[in-house]
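Take a look at the structure set out below.
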Protein chains: 2
Amino acid sequence: MRADARDNRARIMTAADDVFGRSPGASTDDVARLAGVGIATVFRHFATKTELLEAVLTLRLERIRDRALELAASDDPGTAFFEFFTQVVSESASKLAIAEALTAAGAAAGEEAREAGRGMREAFSGLLTAAQKAGAVRDDAEMPEVYALLIGASRGATAAKLDPETRDRMLALIYDGLKPRR
Amino acid sequence: MRADARDNRARIMTAADDVFGRSPGASTDDVARLAGVGIATVFRHFATKTELLEAVLTLRLERIRDRALELAASDDPGTAFFEFFTQVVSESASKLAIAEALTAAGAAAGEEAREAGRGMREAFSGLLTAAQKAGAVRDDAEMPEVYALLIGASRGATAAKLDPETRDRMLALIYDGLKPRR
DNA sequence: GTATAAACGGAGTGATGACTTCGAATATAT
DNA sequence: ATATATTCGAAGTCATCACTCCGTTTATAC
């Protein structure tokens with residue numbers, strides 16, 4: 001691959017992440033314009049709009065997974081779990097916008113993105129069981145419902161455009177429900 | 001207004017509620033087809049697609065508010081509050097689809113729909129304070145974050161396509177966080 | 001420096017969907 | 001029953017957007 005091509009590909013992905021993170025309804029032209037390339041260049045690198053969205057979403061998910069793995073190395077599993085949860089919720093807005101753009105573009109997430117999602121969930125699951133073993137999270141809370149809480153808190157915070165204080169108060173309520181019964 | 005016109009208007013709204021509740025990306029033609037009228041008839045009653053979506057969303061919100069007012073008359077405020085919460089979450093899928101269709105159609109909710117939203121929130125607020133007075137919900141939980149929880153749980157349940165059992169387990173976790181500290 | 005293979009950009013193309021027009025149909029008043 | 005005012009619907013118009021074509025430019029191998 002020629003050096004300029006590699007550069008352009010990277011620039012397109014950055015631009016797409018930015019544009020779609022802000023408004024899911026954005027057009028491919030918008031991405032090209034922000035990236036400073038012609039529209040044909042975008043389609044040379046990503047055959048369809050869906051493909052581009054998937055690439056961007058996958059990157060996001062992988063970054064989140066990496067953050068989880070990083071925190072898993074910590075020696076305070078309880079703090080690690082709640083910190084990860086909080087972080088995902090605070091940064092959820094743009095990721096959700098991208099995911100929404102994808103579903104709006106017709107297709108469900110493809111294999112690549114789904115794989116990345118699985119990896120992310122696995123890492124989160126690791127954080128959860130570690131926190132439970134450490135006694136920071138109640139044992140009878142299982143992955144599906146805890147994950148649902150994560151998604152829900154993210155989507156709720158985004159949809160309601162919560163200011164940080166309200167968001168933290170909401171998270172505090174959720175965390176109280178997750179802590180072991182006294 | 002002529003009788004047939006009134007009939008058609010009602011049929012269009014029902015059809016729109018159904019269609020947009022299922023798929024936010026649906027076209028106006030889809031609505032007309034399901035309602036069994038021509039497309040021009042739809043636009044005669046609702047000048048723009050946005051206007052139609054708003055009318056449908058407003059109706060939904062008003063129904064939810066009415067349900068809250070109904071439950072407010074109950075003599076067990078705690079049960080009333082949690083029952084309302086559960087019900088809103090279970091029925092959220094199609095309402096959210098409509099709201100999404102609206103934002104996708106460009107405009108934010110107009111005055112009419114926003115007014116309906118306010119009414120709904122007020123009714124919910126009434127349920128909350130009653131439940132707190134009855135000792136069923138912790139006193140330090142305030143409306144903004146509790147409302148955020150309601151939105152979040154709704155959106156989470158919808159987005160993750162939770163099966164009813166997982167949804168209930170998620171709600172149980174939330175409710176534990178809302179109950180007074182022991 | 002030049003050849004050439006690869007990448008580039010901008011002007012199309014075709015499909016979709018919101019909205020309009022206008023002649024046909026139908027409800028109500030007399 | 002008939003007049004007429006209102007409503008109806010099918011066939012348009014117009015803009016947008018994903019995607020393609022092709023002549024031009026540019027990076028790299030020699």
Side-chain angles (χ1 to χ4, degrees), chain A residues 1-20 22-57 97-110, chain B residues 1-57 97-98 100-110:
Chain A
M1 176 136 55
R2 244 165 64 174
D4 54 347
R6 197 154 17 87
D7 273 21
N8 273 336
R9 190 186 167 89
R11 282 235 297 286
I12 290 167
M13 282 203 54
T14 314
D17 187 278
D18 191 16
V19 167
F20 292 126
R22 247 197 299 270
S23 59
S27 71
T28 317
D29 292 26
D30 293 335
V31 175
R33 213 170 0 250
L34 181 61
V37 302
I39 192 176
T41 303
V42 174
F43 281 99
R44 194 166 309 107
H45 285 287
F46 303 92
T48 71
K49 187 185 190 182
T50 304
E51 203 172 292
L52 171 59
L53 283 165
E54 251 190 67
V56 171
L57 183 58
I98 295 170
E100 196 180 317
L102 222 174
T103 58
Chain B
M1 174 136 54
R2 241 165 66 173
D4 53 348
R6 199 157 13 88
D7 273 19
N8 273 338
R9 190 186 168 88
R11 280 235 298 286
I12 290 167
M13 281 205 52
T14 314
D17 188 279
D18 191 15
V19 167
F20 292 126
R22 246 199 299 271
S23 58
S27 71
T28 318
D29 292 25
D30 293 335
V31 175
R33 212 170 2 245
L34 181 62
V37 302
I39 191 176
T41 305
V42 174
F43 280 101
R44 194 164 312 104
H45 286 287
F46 304 91
T48 70
K49 187 184 189 182
T50 303
E51 204 172 290
L52 171 58
L53 282 165
E54 250 190 67
V56 172
L57 183 58
I98 294 170
E100 197 180 317
L102 222 174
T103 58

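Just so it is clear: chains get the letters A, B, ... in the order the sequence lines come, proteins before strands, and each one is counted from 1.
To the nearest 0.5 Å, atoms CG (B:L102) and CG (B:L53) are separated by 5.0 Å. Rounding to the nearest 0.5 angstrom, the gap separating the CG atom in B:D4 from the CZ atom in B:R11 is 10.0 Å. Remark: A:L52 CG to A:R9 CZ distance equals 9.0 Å, nearest 0.5 Å. Atoms CG and CD1, from B:D18 and B:I98 in turn, are 9.5 Å apart once rounded to the nearest 0.5 Å. Rounding to the nearest 0.5 Å places CG of B:D17 at 10.0 Å from CZ of B:R22.
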| said: Generate the contact string for nucleotides 15-21 of chain D. Rules: B means base contact, S means sugar-phosphate contact only, - means no protein heavy atom under 4.0 Å. | reply: ---SBBB
| note | Per-nucleotide protein contact along nucleotides 24-30 of chain C, 5' to 3', at a 4.0 Å heavy-atom cut-off (B base, S sugar-phosphate only, - neither), is --BSS--
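When side chains are defined from C-beta on, A:L57 does not count as touching A:F20, because their heavy atoms never get closer than 4.5 Å. In this structure, A:F46 and A:E54 have side chains that are not in contact, with every pair of non-hydrogen atoms separated by 4.5 Å or more.
For D:dC8, the OP1/OP2 oxygens have a side-chain nitrogen or oxygen of B:H45 closer than 4.0 Å.
When rounded to the nearest whole Å, the span between CG of A:D7 and P of D:dT26 equals 15 Å. One can place CZ of B:R9 at 18 Å from P of D:dT6, the figure rounded to the nearest angstrom. Going from atom CD of B:E51 over to atom C1' of C:dC19 covers 13 Å, rounded to whole Å. Computed from coordinates, the B:F46 CZ to C:dT20 C1' distance equals 18 Å when rounded to whole Å. The CG atom of B:L52 sits 12 Å away from the C1' atom of C:dA18 (whole-angstrom rounding). Rounded to an integer number of Å, the gap from CZ of B:R6 to C1' of D:dT6 is 14 Å.
Residue pairs satisfying the side chain to side chain donor-acceptor pair (under 3.5 Å) criterion with at least one member in residues 27-37 of chain A, sequence neighbours excluded, are listed as follows: A:S27-A:D30, A:D30-A:R33.
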